Amino acid sequence: MLDEKLLRRDIHHVAEQMRRRGIELDVVAFNELEAHRKDLDIRLQALQAERNAAAKKIGELIKGGMAVEEAKKQQAEQQKSLEQQLESVKKQQADVRLQLDELLLSLPNIPASDVPDGDDESANLELLRWGQPKNFEFAAKDHVDLGERNGLLDFELGSKITGSRFVVMRRDVARLHRALIQFMLDLHINEHGYEEVYVPFMVNTASMTGTGQLPKFAEDSFSLATDSGTEFYLIPTAEVPVTNIVRDTIIASQDNPDLGELPLRFVCHSPCFRSEAGSYGRDTRGMIRQHQFEKVELVQIVRPDESPQAHEELTGHAEKVLQLLELPYRKVSLCTGDLGFSAQKTYDLEVWLPGQQAYREISSCSNFADYQARRLHARWRNPTSNKPELVHTLNGSGLAIGRTLVAVLENYQNADGTISVPESLRPYLGGRESLL
RNA sequence: GGAGGGGUGGCAGAGCGGUUGAAUGCACUGGUCUUGAAAACCAGCGAAGGUGAAAGUCUUCCGAGAGUUCGAAUCUCUCCCCCUCCGCCA
């Protein structure tokens, strides 16, 4: 959520920034709504002050020895007209508030100044390429064909058990999948200083709203209705439960000793569930786009002045995984048109997939600045002002496990259909040098 | 699933219809004292918002929502969450 005060103070600046994202903000409508809001607020407060004073007066009269009924009678007439006015103003105010909130929730984050302008992914800015795509001396297969051998990667079983976009992995592939998780967790915990957390994979609406999945993107997630009518959601990413750790809290060493001091760095392995509504027909082959996949997620909660630096570092942590696995990748800065709703700035890491002869997204690292924190009500006590101020939140995949598995299978395939094991992964596979 | 207890400021914890936005303690900030620190003592210290040049002033907030009342942190109802005991269970 954007700062309402910013809209009041400089609506034209906000409109200009929204235009970078291809969104036309109706300045005139906002100004009208805002003027209306202000007028109603002032009137309501004045009426409430009058009502409070009248009630207090009755209390004083009674204390002064007047009979209760007598005291009430004295204020009755004024009381009645006040109540009527209050009711009417309240109703109007609620209506305006609703419209204002709706508008506010519909506005995405303001892109950072160095985010390239553009309409779609074709305007994304490539920042670097790492590694050389391998030239195979045979026809490189994609992961579906590779995994087909011995039924190690079985999409038909997945759809029998559940439906399309689900998979069953067996033996070496299942083990490779698990090894990747452990490898990434160990790297981030031991080398990059993240704290390991385990969290719920079902969350409530407050958590989904806090990180921005609701209300706008409800159709992207799976929801579960419970008997009592409360609604839970299967997490679309660990970002949701992990970032919500700091919802409604003030982070400071003395106040919340359990949480610790900023920066908070969490790493969390979790399954992710996505409905993928609207992507029918896209990536239907293989496990690039599944309803259920695993991810090792990096989340940082930092001081506002430190978030750009933290964003670079976090992205570097994700890159390190690819480098250690010796997977060729490129790093792009998403343009304004491709930037996620809540993000101020995002780097995507795209891994080379020989089966597709293309770079495909394997990690997305974003700085949300205070956009998520405002909704989450996540603050810290700034020692210089001694006041609670909003924190900055960041997250990134480090990495998506399913897609990493695909990348390893495809990049490390041999002519005979076996898969060589990247050196840094061997300790996690009992020292084995090849699979399948 | 059954039976109880409870949700109050950064934390702990009083208040249970009328200057209570809330005692007290801890923490925090400033000061006195001290060579310095600690201790002690004094003072300040919740959040969000409106208005104002500022001092100030007004509104809202005691888990959430609805109700009773002239007036609610305090009474009633619904929901959410936490704790204890019993049952069941990986």
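In what follows, every chain begins at residue 1, and chains take the letters A, B, ... in the order their sequences are listed. Predicted model, so just to flag it, every value in this text is computed and none were measured.
The structure places OH of A/Tyr194 at 4.0 Å from CG of A/Leu314, a figure rounded to the nearest 0.5 Å. To the nearest 0.5 Å, atoms CG (A/Leu234) and OG (A/Ser221) are separated by 8.5 Å. Between the OG1 atom of A/Thr336 and the CD atom of A/Gln17 there is a distance of 10.0 Å, given to the nearest 0.5 Å. Interatomic distance, CG of A/Leu153 versus CG of A/Leu409, reported as 7.0 Å (0.5 Å rounding). Atom CZ of A/Arg374 sits about 14.5 Å away from atom CZ of A/Phe368, to the nearest 0.5 Å.
The same atom, C1', is picked in B/U24 and in B/A72; the two are 23 Å apart, to the nearest Å. The separation of B/U69 from B/A12, taken at their P atoms, amounts to 36 Å, rounded to a whole angstrom. With C1' as the reference atom, B/U78 and B/U68 are 15 Å apart, rounded to whole Å. Nucleotides B/G9 and B/U57 place their C1' atoms 23 Å apart, quoted to the nearest Å. B/G17 sits 7 Å from B/C75 when the P atoms are compared, rounded to a whole Å. Atom P of B/G10 sits at a distance of 8 Å from the matching atom of B/A47, rounded to the whole Å. Across the P atoms, B/C45 and B/U29 are found 16 Å apart, a figure rounded to whole Å. To the nearest whole angstrom, the two P atoms, one in B/A38 and one in B/A48, are 30 Å apart.
Using a 4.0 Å heavy-atom cutoff across all strands shown, A/Ile58 reaches at least one base atom of the nucleic acid.
Ranked by how close their nearest RNA chain B nucleotide is to the 5' end, A/Gln48 and A/Asp41 are led by A/Asp41. Of the two residues contacting RNA chain B, namely A/Lys56 and A/Glu50, the nearest-nucleotide position lying further toward the 5' end is that of A/Lys56.
The partner of B/C26 is B/G10, judged by Watson-Crick or G-U wobble contacts that both fall below 3.5 Å. Summarising the base pairing, B/U84 is matched to B/A3 through a Watson-Crick or G-U wobble pair whose two defining distances lie under 3.5 Å. Across every strand in view, B/C33 sits unpaired, with no contact that passes the Watson-Crick or G-U test at under 3.5 angstrom. Nucleotide B/G21 forms a pair with no other nucleotide shown, judged by Watson-Crick or G-U wobble geometry with both contacts under 3.5 Å. Remark: B/G49 base-pairs with B/C58. Criterion, Watson-Crick or G-U wobble with two distances under 3.5 Å.
Taking atom CG of A/Asn52 as the reference point, atom C1' of B/U69 lies 14 Å away to the nearest angstrom. For the pair A/Leu390 CG and B/A48 C1', the interatomic distance rounds to 12 Å; values are reported in whole Å. Atom C1' of nucleotide B/G49 and atom CG of A/Leu100 are separated by 13 Å, given to the nearest angstrom. Computed from coordinates, the A/Phe232 CZ to B/C79 C1' distance equals 13 Å when rounded to whole Å. Rounded to whole Å, the distance from CD on A/Glu231 to P on B/C80 is 14 Å. As a whole-Å value, the separation of A/Arg9 CZ from B/G49 P is 12 Å. The distance between atom CZ of A/Arg37 and atom C1' of B/A48, rounded to the nearest whole Å, is 13 Å. The interatomic distance linking A/Arg375 (CZ) with B/A48 (P) rounds to 19 Å, in whole Å.
Under 4.0 angstrom from either OP1 or OP2 of B/C11 there lies no side-chain N or O belonging to A/Arg381. Between A/Lys38 and the phosphate of B/G49, there is no side-chain N or O to OP1/OP2 separation shorter than 4.0 Å. The shortest distance between the side-chain N/O atoms of A/Lys5 and the OP1/OP2 oxygens of B/A48 is not below 4.0 Å.
In this structure a side-chain-to-backbone donor-acceptor pair under 3.5 Å is missing from A/Arg20 to A/Asp117.
When the nucleotides B/C70, B/A47, B/G10 are ranked by their closest atom to the side chain of A/Arg379, B/A47 comes out on top. Residue A/Gln45 has its side chain nearest to B/C58 when only B/U60, B/C58, B/G18 are considered. Ranking B/G49, B/U59, B/G18 by closeness to the A/Ala49 side chain, first place goes to B/U59. For A/Arg51, whose side chain is taken as the heavy atoms from C-beta onward, the closest listed nucleotide among B/G10, B/G71, B/U60 is B/U60. Ranking B/U51, B/G71, B/G49 by closeness to the A/Ala55 side chain, first place goes to B/G71.
Salt bridge annotation for A/Lys91-A/Asp95: absent, with no cationic side-chain nitrogen under 4.0 angstrom from a carboxylate oxygen.
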